[in-house]
Amino acid sequence: MKVQIHLPFFSACNLKSVRFWFFAAVLLQNAVAHEASAQLVTIPVETQHNALILQAGAKKDLKIIYFGKKLANQKEYELIPSGSKQIEDGTELLNSAYTPAGSRNLFEPAISVTHADGNNSLDLRYVKHDFQSISDGVSLLTILLKDPVYNFEVTLFYKSYFKEDVMEQWAVIRHQEKGDVVLQKYASANLHLKAGSYWLKQYHGDWAKEMQPEETKITHGIKTLDSKLGTRANLFQPSVFMVSLDKPATEDEGTILYGAVEWSGNFRVDLEVDQQDNLRILAGMNNYASAYTLKANQDFVTPAFLYTLSSQGKGLASRNLQQWARNYKLLDGKGTRLTLLNNWEATYFDFNEDKLAGLLKDTRKLGVDLFLLDDGWFANKYPRNDDHAGLGDWQENKQKLPNGISSLVKEAQGNRVKFGIWLEPEMVNPKSELYEKHPDWILKQPQRAEHYFRNQLVLDLSNPKVQDFVYQIVDGLFTKNPDLAYIKWDCNAVVYNIYSAHLKNQNHSYIEYVRGLYKVLEKIRAKYPLVPMMLCSGGGGRVDYAALKYFTEFWPSDNTDPIERIFMQWEYSYFYPAISSANHVTDWGKQPIKFRTDVAMMGKLGFDIVVSKLSATDLEFCQQAIKTYNEVKPIIWQGSQYRLSDPRENSVASMFYINPEQSAGIIFNYLVNNRYDEGSKLPIRLKGLDAAKKYRLKEINLYPGTNPGIDEGKTYSGDYLMKIGFNPVVNASRASVVLKLEAL
Ligand code: DGJ
């Protein structure tokens with residue numbers, strides 16, 4: 001706190017009076033400084049390694065004075081601001097913890113509103129805060145901010161997860177004005193970081209090309225990551241990102257922040273480097289076409305913005321996030337999962353009871369837990385024989401399934417496997433009875449031509465009747481078939497021509513759609529808390545932690561070419577644990593079945609192949625691989641994941657999982673460069689081992705008739721394996737190698 005004291009004029013000849021004035025000035029300065037510091041409210045949010053320090057001064061502006069490594073002495077956080085000799089900030093809001101628009105602010109705001117009287121100015125001052133312990137290691141800080149002029153307030157929530165260094169932040173906006181207030185922007189969080197430079201790693205994609213990374217230096221001005229797609233919001237860009245401070249972080253070095261918006265609709269993340277060279281991050285729902293009218297005494301709750309900071313590179317950040325997800329967010333994150341055979345690529349829409357009976361036998365023969373019946377099993381007036389018709393009519397197609405789903409569930413039981421089913425309950429084909437009966441249940445412009453994405457439209461989930469309809473689809477299936485064991489929940493269309501016949505205010509359509517979806521999922525989970533459900537969206541068009549609260553796994557991409565999957569699964573793994581990534585062995589790509597299976601085993605294993613067409617040895621390999629997977633899956637699902645060799649930088653990709661006891665691990669190695677003589681020339685260094693333990697390595701998942709390509713007789717210390725490494729002997733004739741590491 002800088003206190004300026006103006007001394008009265010004095011002449012050099014009057015020394016006594018100089019001394020007097022000097023003494024008086026010092027006293028006054030101390031008194032003012034004391035008063036100022038007495039008015040300082042410093043709020044530290046500490047996790048195992050980090051601290052986010054918020055502070056309100058005499059003017060009660062709430063600011064972020066620090067976000068970084070935790071200090072040993074809490075009192076020293078107050079010294080931090082004096083260390084920065086940056087140019088003046090006339091707004092005094094540059095490092096605001098939640099920047100209001102329309103008063104002193106000159107930057108991208110976190111919140112911008114039009115008051116009931118039409119005034120656009122907002123000021124938010126600190127009123128009080130409160131810390132609450134939620135459970136062991138989880139705390140909640142709430143801070144109340146109020147406008148001194150208008151009856152308008154924002155409560156900021158900071159939920160911190162101590163062990164995982166993870167934070168979820170959101171805001172609740174409320175007012176008591178005489179009339180409605182329009183929220184023009186309403187971020188979940190507003191961060192402020194100080195560093196020499198900032199490096200953004202972001203993702204883009206499209207169908208079958210999900211999670212393509214790009215890393216660039218953030219320049220002055222604003223970089224926005226956003227989606228305006230409505231439903232499968234991540235199709236072109238997910239909300240997950242990383243920011244490295246000072247220089248691009250590597251796997252094990254550097255300071256890096258991971259961020260993600262927990263919202264399954266339009267999101268917006270603004271990254272603004274200001275004139276002082278600091279980075280401001282504003283993240284939340286997208287306000288695009290969504291100025292939200294808020295009535296007095298109503299709460300507007302933003303989704304959470306999730307972030308974690310690591311000062312030991314990307315690897316630690318991702319292990320923290322994966323651990324957090326399994327402990328607190330992903331549905332049944334510590335539980336088990338079902339291996340499965342899916343019929344999508346084996347049959348597409350072309351099946352009947354006989355064919356399915358054969359596939360159920362194949363499911364058993366293969367040795368997986370469940371058969372998953374995909375698209376094409378429903379609709380009669382407009383049968384679902386391709387993707388032009390039937391969506392919305394969720395009755396079994398009588399020609400294909402004259403005896404209904406229940407006979408298939410029984411047939412599955414007869415084969416001692418479980419039965420799961422595909423649904424796309426948010427959507428409708430114009431060629432459907434649902435469309436004919438309820439045109440007002442569909443999001444579409446009344447005066448414009450319909451525009452389709454995969455020949456379909458999106459239902460209006462803001463409408464409680466539609467919410468009930470969607471809930472009934474799921475509940476009806478479970479009521480008729482209590483042994484139904486799995487749902488694949490697809491979502492193929494984006495929203496074009498948004499217009500809700502139900503909502504009076506069209507600016508609410510995007511937001512109320514997602515809220516409606518969550519209401520349905522909430523109701524389903526209240527009745528069916530643990531039934532596994534796959535979050536699918538024509539591939540990975542909808543993967544986020546708000547949705548994963550209701551889902552046990554997600555479908556990363558329709559692209560199952562194993563080479564492509566190595567790259568995609570690698571990038572997804574920075575944000576999501578392996579147990580949540582549904583990886584299927586299919587006929588995409590040219591690689592042999594062993595390579596495809598080895599890649600799928602990196603997460604939650606499934607198959608989508610014609611089992612009856614497998615050669616005898618391919619089948620034998622798959623059967624054995626499933627048995628092996630069942631033995632090692634706890635390590636993959638619940639272990640710590642270490643990226644050993646990056647496919648974007650090396651000819652061999654290597655991913656390692658180790659159990660919490662550091663006594664057993666699995667190393668997946670894949671050749672990703674088919675040029676002459678490429679392979680694992682040098683040993684690959686392991687990570688996360690106990691240096692003092694002795695380990696043995698064994699090759700697993702061998703194709704029938706082949707021998708291990710490594711010397712399994714030797715033992716190595718953890719120290720040796722981490723400093724020198726181990727060569728898995730990957731080359732063109734051993735393009736994928738899976739190793740099991742065991743402590744002696
Ligand atoms: C898109 C999904 O990603 C596929 O796996 C499959 O379920 C099809 N939809 C079915 O229409």
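Ligands are counted one by one from 1 in listed order, and the atoms in each one are counted from 1 as well. When a residue number appears, it is its place in the shown sequence, counting from 1.
Atom 11 (O) of ligand 1 has its closest protein heavy atom at Asp375 OD2, 2.6 Å. In terms of protein heavy-atom proximity, atom 2 (C) of ligand 1 is nearest to Asp490 OD2, 3.3 Å. The nearest heavy-atom contact from the protein to atom 7 (O) of ligand 1 is Asp374 OD1, 2.8 Å. When hydrogens are left out, the protein atom nearest atom 4 (C) of ligand 1 is Asp558 OD1, 3.5 Å; that is the closest non-hydrogen contact.
Cation-pi check for Arg232 over Trp489 is not met; the charged atom does not lie both under 6.0 angstrom from the ring centroid and within 45 degrees of its normal. Both tests do not hold together for Lys431 against Tyr382: distance to the six-membered ring centre under 6.0 Å, angle to the ring axis within 45°. Both the sub-6.0 Å distance and the 45° axial angle are not jointly satisfied by Arg448 relative to the ring of Tyr496.
Every atom of ligand 1 is numbered from 1 in the order shown, and the set under 4.0 Å from a heavy atom of Lys488 is 4 (C), 5 (O), 6 (C), 7 (O). Remark: ligand 1 atoms within the under-4.0 Å shell around heavy atoms of Trp555 are 3 (O), 5 (O). Per-residue contacts place Gly538 under 4.0 angstrom from the following atoms of ligand 1 (heavy atoms of the residue considered): 1 (C), 3 (O). Remark: ligand 1 atoms within the under-4.0 Å shell around heavy atoms of Cys536 are 2 (C), 3 (O).
Aromatic rings of Trp344 and Phe349 (six-membered ring for Trp) have centroids within the 6.0 Å cut-off, being under it. Between Trp570 and Tyr670, a ring centre-to-centre spacing not shorter than 6.0 Å is recorded.
Side chain of Asp646 to backbone of Arg648: a donor-acceptor contact under 3.5 angstrom is found.
Here the rule is side chain to side chain contact (heavy atoms under 4.5 Å, CB included) with Asn583, and of Met601, Gln569, Met568, Lys604 only Gln569 fits it. Tested against Asp544 for a side chain to side chain contact (heavy atoms under 4.5 Å, CB included), the candidates Ser239, Pro303, Ser264 yield a single pass: Ser264.
Residue contact annotation: His584 has no non-hydrogen atom under 4.0 Å from ligand 1.
Heavy atoms of Asp387 found under 4.0 angstrom from ligand 1: none, in either backbone or side chain. Only the side chain of Arg454 comes within contact range of ligand 1, with a heavy atom under 4.0 Å; no backbone atom does.
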